[in-house]
Amino acid sequence: DAAAVALVDELVGDLAGTWDTSGVLPDPVLRKLGGAGLLCAQVPEVYGGPGYSSLRNGELTAHVGGRCSSLRSIQTSQGMAAWTVTRLGTERQRAAYLPRLVGGELAAVAFSEPGAGSDLSTMETRARIDGDELVLDGHKVWITGAAYADLVVVFAGYGDAGTAVMVPAGAPGVTIERVPEPLGCRAAGHANVRLDGVRVPLDSVLGGRPGQSLPLLVTIALAYGRISVAWGCAGILRACLAAATAHARGRRQFGRPLAEHQLVARHLAELFTAERVASRACADASASWDGNSPDLVTATMLAKYVSSTQAARGAATAVQVLASAGARDGHAVARAYRDAKLMEIIEGSNEMCELMLARHALSAA
Ligand code: FAD
């Protein structure tokens with residue numbers, strides 16, 4: 001994928017730190033990468049997408065993640081939106097939305113609410129039918145990419161069941177307000193989304209009609225998000241390993257390079273191990289995805305858990321190796337340290353992952 005990697009490198013250059021401090025990803029960068037289909041590269045060719053496998057898309061995601069986690073976050077949301085349309089939409093909806101998502105339009109995915117974080121069953125956003133329209137009322141929070149989005153995939157309750165709806169960000173009744181000063185991924189356009197009597201045509205409802213199982217809808221969408229975050233974290237680890245080894249080779253203290261002090265070498269060994277373990281877990285999950293394996297849910301959860309925890313720890317280790325050289329805003333390892341921490345929270349926090357992995361262990365034993 002030399003061409004895709006070259007385009008990412010050309011667009012990001014050495015600007016990730018600047019984007020992080022300004023909190024903004026330039027619109028032309030998003031449109032160009034999106035228009036090349038690379039923000040959701042698994043969209044099949046028949047819909048105008050690049051048609052990547054999960055493994056190939058994962059490696060691209062890691063590359064973006066190693067350069068700029070804010071951009072990778074946009075890639076995760078866009079890919080999750082495209083996957084949600086692919087899995088939950090009708091053929092007519094796939095043909096309508098997917099070419100837009102590989103053509104430069106941007107999408108965000110909205111589950112979370114002020115009272116519904118880990119426990120999405122307490123979602124209060126409601127959908128109701130009024131004639132040939134669906135009406136949405138609710139409040140979504142912390143929606144990655146919503147500040148840039150043309151479309152928001154909104155998950156809502158409908159009667160006792162649920163629904164996923166494609167909502168234009170500019171529709172009357174939609175208000176999008178940025179989350180001020182996020183800890184990390186600062187340019188990822190996190191925003192809170194208010195929906196006040198928002199009316200969309202009924203054919204914006206994925207699947208054609210509301211009233212599916214909400215947990216099932218959410219689980220399908222999150223599967224993509226988890227594997228994408230996992231690969232992004234593998235990218236963070238690769239960037240941290242590169243920065244730490246380069247610094248440990250070049251910087252001298254007590255008459256020799258840092259790398260020759262055994263306690264520093266141990267940090268490098270830990271980082272190397274973390275990157276290898278995370279990458280293997282991601283590759284395993286992608287193999288399950290590409291092979292339609294029944295292990296997919298567990299493999300994806302495992303990859304997200306392993307990769308995000310390793311990235312959070314690995315980024316802290318990299319800051320330790322660089323010490324004052326990496327201890328300021330704008331430095332790649334400082335950015336990684338803040339970005340990686342958030343990856344332990346999203347798409348199922350560490351604790352949620354642990355609970356699900358324990359459940360799997362108990363059922364498999
Ligand atoms: P809570 O659910 O309140 O949890 C707080 C703590 O308690 C956590 O450590 C949690 O693991 C723990 N906890 C909760 N329940 C249990 C339990 N039963 N057992 C053990 N521990 C438990 N949402 C979207 O819909 N779309 C997005 O694009 C999106 N992007 C995000 C990007 C970032 C950077 C962040 C920080 C959040 C984003 N979110 C998004 C929201 C995210 O999904 C939630 O933050 C996440 O689900 C956790 O919910 P919460 O923050 O309300 O924490």
Side-chain angles (χ1 to χ4, degrees), residues 20 23 25 39-40 65 68-84 106-125 136 138-149 151-157 162-165 167 169 176-195 214-215 217-226 228-230 232-233 236 301 304-305 308-309 311-312 315 335-359:
D20 182 63
L25 290 171
L39 293 176
C40 47
C68 176
S69 282
S70 289
L71 187 56
R72 197 276 310 147
S73 298
I74 300 292
Q75 192 183 20
T76 295
S77 293
Q78 180 88 352
M80 186 159 48
W83 171 244
T84 305
L106 300 170
V109 183
F111 316 97
S112 306
E113 301 181 359
S118 302
D119 182 6
L120 289 173
S121 71
T122 60
M123 221 181 249
E124 287 181 356
T125 297
L136 287 162
H139 185 197
K140 299 293 185 183
V141 295
W142 271 98
I143 309 307
T144 301
Y148 307 117
L151 285 164
V152 184
V153 187
V154 174
F155 287 76
T163 186
V165 191
V167 178
I176 296 180
E177 284 175 349
R178 265 186 180 261
V179 173
E181 297 170 1
L183 171 69
C185 299
R186 289 172 174 167
H190 306 116
N192 300 331
V193 180
R194 283 194 173 280
L195 304 152
L214 190 58
L217 296 178
V218 167
T219 303
I220 288 171
L222 281 179
Y224 184 98
R226 287 181 178 140
S228 178
V229 165
C233 287
I236 290 176
M301 185 67 70
K304 196 273 169 183
Y305 178 62
S308 64
T309 49
R335 192 156 38 81
Y337 180 69
R338 291 184 284 99
D339 295 343
K341 180 61 215 170
L342 295 186
M343 298 306 110
E344 293 195 300
I345 296 171
I346 63 163
E347 317 284 3
S349 64
N350 276 2
E351 290 78 6
M352 292 298 110
C353 292
E354 284 164 345
L355 290 174
M356 284 185 245
L357 290 169
R359 214 173 295 142

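None of these values were measured; they are calculated from a predicted model. Because only heavy atoms are used, hydrogens play no part in the values below, and waters and symmetry mates are left out as well, while side chains stay in. Just follow the structure's listing: the first ligand is 1, and inside any ligand the first atom is 1.
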Does any N/O atom on [X] come nearer than 3.5 Å to any N/O atom on ligand 1?
{"X": "W142", "result": "yes"}
{"X": "S118", "result": "yes"}
{"X": "F111", "result": "yes"}

Test item: protein heavy atom less than 4.0 Å from [atom]:
{"atom": "atom 15 (N) of ligand 1", "value": "yes"}
{"atom": "atom 33 (C) of ligand 1", "value": "yes"}
{"atom": "atom 5 (C) of ligand 1", "value": "no"}
{"atom": "atom 2 (O) of ligand 1", "value": "yes"}

Original post:
More than 12 non-hydrogen atoms from neighbouring residues, nucleotides or ligands closer than 6.0 Å to CD on E124, yes or no?
Top reply: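 Result for CD/E124: open.
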For ligand 1, note which part of [X] has a heavy atom under 4.0 Å away: side chain, backbone, both or neither.
{"X": "S349", "value": "side chain"}
{"X": "A110", "value": "backbone"}
{"X": "K140", "value": "neither"}

For [atom], what is the closest protein heavy atom, and at what distance to 0.1 Å?
{"atom": "atom 21 (N) of ligand 1", "value": "E351 CB, 3.5 Å"}
{"atom": "atom 19 (N) of ligand 1", "value": "L355 CD1, 3.6 Å"}
{"atom": "atom 13 (N) of ligand 1", "value": "M352 CE, 4.1 Å"}
{"atom": "atom 35 (C) of ligand 1", "value": "I346 CG2, 3.2 Å"}
{"atom": "atom 42 (C) of ligand 1", "value": "S112 OG, 3.7 Å"}

Subject >> salt bridge (charged side-chain N to carboxylate O under 4.0 Å, His left out) between D20 and R338, intermediate numbers included >> reply: CA-CA 11 Å; D20 182 63; R338 291 184 284 99; 2.6 Å; yes
**OP:** Please assess M123 against K140 for the test side-chain contact (heavy atoms from CB on, under 4.5 Å), listing each intermediate value before the final yes or no.
**Re:** CA-CA 9 Å; M123 221 181 249; K140 299 293 185 183; 3.6 Å; yes
Candidate with minimal heavy-atom separation from [atom], of [options]:
{"atom": "atom 47 (O) of ligand 1", "options": "A146, A221, G117", "value": "G117"}
{"atom": "atom 28 (O) of ligand 1", "options": "T144, L342, L183, N350", "value": "T144"}
{"atom": "atom 26 (N) of ligand 1", "options": "I345, T122, V109", "value": "V109"}

